[in-house]
Amino acid sequence: MLDAVERIPRGRVMSYGDVAEYLGRGSPRAVGTALARYGGGVPWHRVVTSDGRPNPSDPAGAAARLRRERVPFAGERVDMGRARWDGRT
DNA sequence: AGCCTGACAGATA
DNA sequence: GTATCTGCCAGGC
């Protein structure tokens, strides 16, 4: 479950729905819940919403980390389509 | 089992 | 652009 998030390369991000799809099971909510409960020790800041907005919990911190990792930003949002990771590295 | 809540997503107005 | 509705899965009571 969380390994999917751990696999997200530097400079890329994945939406909750993408993680769920990548895992092949669950739903964005399940991913969110799982991360909220067991999300310790994983680059949770690389998980964003489908809009490209960082985590509702720590948007500022996540945005800062993402910027630091050269994640393509589009204003306050992450540039999905470019930063979105398919899972093929 | 049923009911409520939550780090979500997509459609519609 | 925002606001609302519905579907989804997991966890707590």
Side-chain angles (χ1 to χ4, degrees):
Chain A
M1 165 66 86
L2 299 169
D3 49 297
V5 179
E6 291 178 357
R7 291 182 192 191
I8 302 176
R10 191 157 167 275
R12 293 283 204 329
V13 298
M14 255 177 128
S15 71
Y16 293 90
D18 285 343
V19 176
E21 191 178 327
Y22 177 79
L23 294 170
R25 59 169 160 63
S27 71
R29 294 215 84 142
V31 175
T33 308
L35 274 158
R37 296 185 65 77
Y38 320 104
V42 301
W44 51 269
H45 55 269
R46 290 184 188 150
V47 183
V48 300
T49 65
S50 58
D51 297 278
R53 278 203 302 273
N55 302 48
S57 191
D58 189 358
R65 290 164 190 276
L66 292 170
R67 283 183 185 282
R68 190 172 52 183
E69 298 187 1
R70 312 301 165 135
V71 174
F73 260 80
E76 292 294 291
R77 294 182 275 87
V78 176
D79 190 331
M80 302 300 275
R82 259 198 291 225
R84 206 173 184 195
W85 184 52
D86 306 78
R88 308 172 226 147
T89 55

Glu76(A) CD to dG1(C) P: how many Å, rounded?
13 Å
The side chain of Tyr38(A) lies closest to which of these nucleotides: dG11(C), dA9(B), dA7(B)?
dG11(C)
Can you tell me if the side-chain N/O atoms of Ser50(A) get under 4.0 Å from OP1 or OP2 in dG10(B)?
yes
Figure out the OH/P separation between Tyr16(A) and dG6(B), and round it to whole Å.
15 Å
Interatomic distance, Leu35(A) CG vs dC9(C) C1' [rounded to whole Å]
14 Å
Under 4.0 angstrom between Arg46(A) side-chain N/O and dA7(B) OP1 or OP2
no
Can you list the steps and then say if Asn55(A) with Tyr16(A) is a side-chain contact (heavy atoms from CB on, under 4.5 Å)?
CA-CA 10 Å; Asn55(A) 302 48; Tyr16(A) 293 90; 3.3 Å; yes
Out of the candidates Asp18(A), Asp79(A), Asp51(A), only one should pair with Arg84(A) under the salt bridge (charged side-chain N to carboxylate O under 4.0 Å, His left out) rule; please name it.
Asp18(A)
Taking OH from Tyr22(A) and P from dA9(B), how many angstroms apart are they, rounded to a whole number?
18 Å
Rounded to the nearest Å, what distance is computed from the CH2 atom of residue Trp44(A) to the C1' atom of nucleotide dC8(B)?
17 Å
Residue whose closest nucleotide on DNA chain B lies nearer the 5' end, Thr33(A) versus Val48(A)
Thr33(A)
Least distance between heavy atoms, Arg46(A) atom then Leu66(A) atom:
CA-CD2, 4.1 Å
Please report the distance, rounded to the nearest Å, between CD in Glu21(A) and C1' in dC8(B).
14 Å
State, with a plain yes or no, whether a side-chain heavy atom of Val5(A) is found less than 4.5 Å away from one of Val31(A).
no
Ser57(A) has a side chain; which of dA9(B), dC9(C), dA7(B) sits nearest to it?
dA7(B)
I need the CG-C1' distance between Asp51(A) and dG1(C), as an integer number of Å.
12 Å
Closer to the 5' end of DNA chain C via nearest nucleotide, is it Ser27(A) or Arg53(A)?
Arg53(A)
Heavy-atom count check: over 12 atoms from other residues, nucleotides or ligands less than 6.0 Å from Glu21(A) CD?
no
Tell me whether the side-chain N or O atoms of Arg29(A) pair up with the base of dC9(C) as donor and acceptor below 3.5 Å, since no angle test is needed here.
no
